[in-house]
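Just so we're on the same page: letters track the sequence lines, and every chain starts at 1.
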Number of protein chains: 2
Amino acid sequence: MAAVRYHRETVVARAVEVLDRFGLADLSMRRLGTELGVQPSALYHHFPSKQALLAAVADEILERTLLPTAPDAPWDEQVAGICAWVRDATLAYRDGAELVATVWSFGLGASTPYEALVAALRRAPGTDTGVEQHELPEIGARTLLHFVFGHATDEQTQLQAASAGAIEDLPRGGADFAVGLGIILDGLRARVRA
Amino acid sequence: MAAVRYHRETVVARAVEVLDRFGLADLSMRRLGTELGVQPSALYHHFPSKQALLAAVADEILERTLLPTAPDAPWDEQVAGICAWVRDATLAYRDGAELVATVWSFGLGASTPYEALVAALRRAPGTDTGVEQHELPEIGARTLLHFVFGHATDEQTQLQAASAGAIEDLPRGGADFAVGLGIILDGLRARVRA
DNA sequence: ACCTGAACACCGTTCAAGT
DNA sequence: ACCTGAACACCGTTCAAGT
């Protein structure tokens with residue numbers, strides 16, 4: 001057989017395609033190998049494990065949607081902007097939210113959202129002084145990400161159930177998202193004021 | 001071979017044992033069958049699918065920890081109590097948080113936490129009147145559950161990494177949990193007052 | 001550097017047949 | 001009602017060997 005040679009970037013791009021067309025459950029090493037016309041074992045030349053491959057796919061998905069920077073905006077607007085970016089980026093690909101959340105939870109890659117949120121929250125008044133508030137940026141960032149990933153995953157699940165014809169009413173996810181995010185932002189503002 | 005006969009309850013109880021001792025990844029139909037001295041196909045007499053089995057296990061885990069009832073307490077204390085209950089119940093078994101969160105996300109079983117939170121939030125002033133606040137109990141309940149499940153899953157992951165010797169410092173999860181929950185509760189109180 | 005081929009140790013699920 | 005036995009169509013990963 002003619003040996004087809006790829007490099008890492010090409011494999012990741014193809015994995016994103018497989019994910020978007022067939023979903024996370026079908027993104028297996030064997031399936032991706034078949035899609036590339038290559039033995040599954042060949043993928044282990046590019047990635048040490050499936051987890052590492054998934055981490056690269058998650059990072060690629062996040063990089064493909066630009067994080068709008070607003071360096072002079074108030075901290076809470078920055079936080080809202082980052083959360084909207086994470087939502088948009090993960091909703092742009094099938095099972096994107098679940099994938100990025102999973103990768104973040106096992107601690108490889110997908111750390112840009114967390115770091116961006118911590119940086120924005122550090123700009124809130126009072127978070128650098130005082131003992132009680134000392135870890136507020138980190139705890140706040142995790143609380144926000146749990147919400148964003150959870151909400152986006154739910155939304156994507158419902159969207160797919162709807163497109164499979166199982167459910168009639170389509171989710172109006174944007175409004176829900178704004179309300180939930182607003183609740184957490186109100187709580188953060190109250191903590192910062194204190 | 002002598003045919004060993006079980007009924008549903010026994011199978012679920014054994015599944016909880018396997019989960020707690022070997023983790024969610026090792027809770028397979030084949031493994032559970034072996035543990036019961038039975039062919040994997042025998043389990044399909046009791047459950048239509050693995051998802052259904054997992055749903056039963058999730059419900060069992062929630063039932064084994066009692067939800068403390070406080071009918072006369074203020075709504076926000078009730079909410080905090082329910083969240084603490086979900087955290088305690090899911091942390092009591094290995095990978096409990098991830099399992100219950102997963103079952104909840106695919107819409108079978110594990111709905112008691114959601115319903116209890118919605119009921120408590122409906123008791124907050126102003127949530128039954130007005131158009132804007134109309135869905136606040138539902139959105140609030142989902143926001144809280146995304147946080148509780150996300151936080152508990154993280155905590156359980158870190159606990160296992162620590163016990164596997166990978167990480168030195170142990171998480172002081174309780175304090176983090178209280179802060180994150182406090183942020184969301186502050187936000188909910190602010191929305192209710194408005 | 002990149003890939004093959006074969007193997008190892010697994011999965012969930014179905015279904016005819018047994019008691 | 002509960003279970004066996006066999007099969008189907010899959011998994012992730014390793015490793016010697018090829019070019």
Handout entry: Distance below 4.0 Å between H46(B) side-chain N/O and dA1(D) OP1 or OP2
Key =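 The answer is no; no side-chain N or O of H46(B) sits under 4.0 Å from OP1 or OP2.
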
Exercise for the section: Give a yes/no answer on whether the side chain of Q39(A) brings an N or O atom under 4.0 Å of OP1 or OP2 in dC3(C). Expected result: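 So the side chain of Q39(A) is outside the cut-off, no N or O lying under 4.0 Å from OP1 or OP2 of dC3(C).
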
Exercise for the section: Rounded to the nearest angstrom, tell me the gap between atom CG in L36(A) and atom C1' in dT4(C). Expected result: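 Rounded to the whole Å, the gap is 15 Å.
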
Practice task
Send over the distance from F22(A) CZ to dC10(D) C1', rounded to a whole Å.
Solution key: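 It works out to 16 Å between those atoms.
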
Exercise for the section: Go through the side-chain N and O atoms of R64(A) and Y93(A) and say whether any donor and acceptor fall under 3.5 Å apart. Expected result: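 Yes, a side-chain donor-acceptor pair sits under 3.5 Å.
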
Exercise for the section: Taking the side chain as every heavy atom from C-beta outward, state whether F147(A) and C83(A) have any pair of such atoms under 4.5 Å apart. Expected result: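 No, their side chains stay 4.5 Å or more apart.
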
Exercise for the section: May I ask you to say whether R142(B) pairs ionically with D154(A), meaning some side-chain N is under 4.0 Å from a carboxylate O? Expected result: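 D154(A) and R142(B): not salt-bridged.
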
Handout entry: Reading 5' to 3' through nucleotides 11-19 of chain C, protein heavy-atom contacts under 4.0 Å coded B for base, S for sugar-phosphate only, - for none
Key = BBBBB----

Problem - Name of the residue among T90(B), T153(B), L145(B) meeting side chain to side chain contact (heavy atoms under 4.5 Å, CB included) with V100(B) - result: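 Among T90(B), T153(B), L145(B), the one that satisfies the side chain to side chain contact (heavy atoms under 4.5 Å, CB included) with V100(B) is T90(B).
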
Exercise for the section: Would you write the dot-bracket representation of DNA chain C, where each base gets (, ), [, ], | or . depending on whether it forms a Watson-Crick or G-U pair under 3.5 Å and with which partner? Expected result: ||.|||||...|||||.||

Exercise for the section: Between dC2(C) and dA17(D), how far apart are the P atoms? Round to whole Å, please. Expected result: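 After rounding to an integer number of Å, I get 22 Å for this pair.
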
Exercise for the section: Could you work out the separation of dC10(C) and dA9(D) based on their P atoms and round it to a whole Å? Expected result: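 Going atom to atom, P in each nucleotide, I get 23 Å.
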
Problem - Nearest-0.5 Å distance that lies between atom CD in E60(A) and atom CD in E9(A) - result: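 With rounding to 0.5 Å, CD (E60(A)) is 8.5 Å from CD (E9(A)).
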
Practice task
Assess R94(A) against F22(A): is NZ or CZ under 6.0 Å from the centre of the six-membered ring, and within 45 degrees of the ring's axis?
Solution key: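 Ring-cation test returns no.
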
Handout entry: Taking every non-hydrogen atom, the tightest pair across F149(B) and W104(B)
Key =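 Closest approach of F149(B) to W104(B): CE1-CE3, 3.6 Å.
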
Problem - Heavy-atom closest pair, residues A116(B) and L67(B) - result: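 Closest pair (atom of A116(B), atom of L67(B), distance): CB-CD2, 4.3 Å.
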
Problem - Nearest listed nucleotide, side chain of V38(B), among dC2(D), dT4(D), dC3(C) - result: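 That would be dT4(D).
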
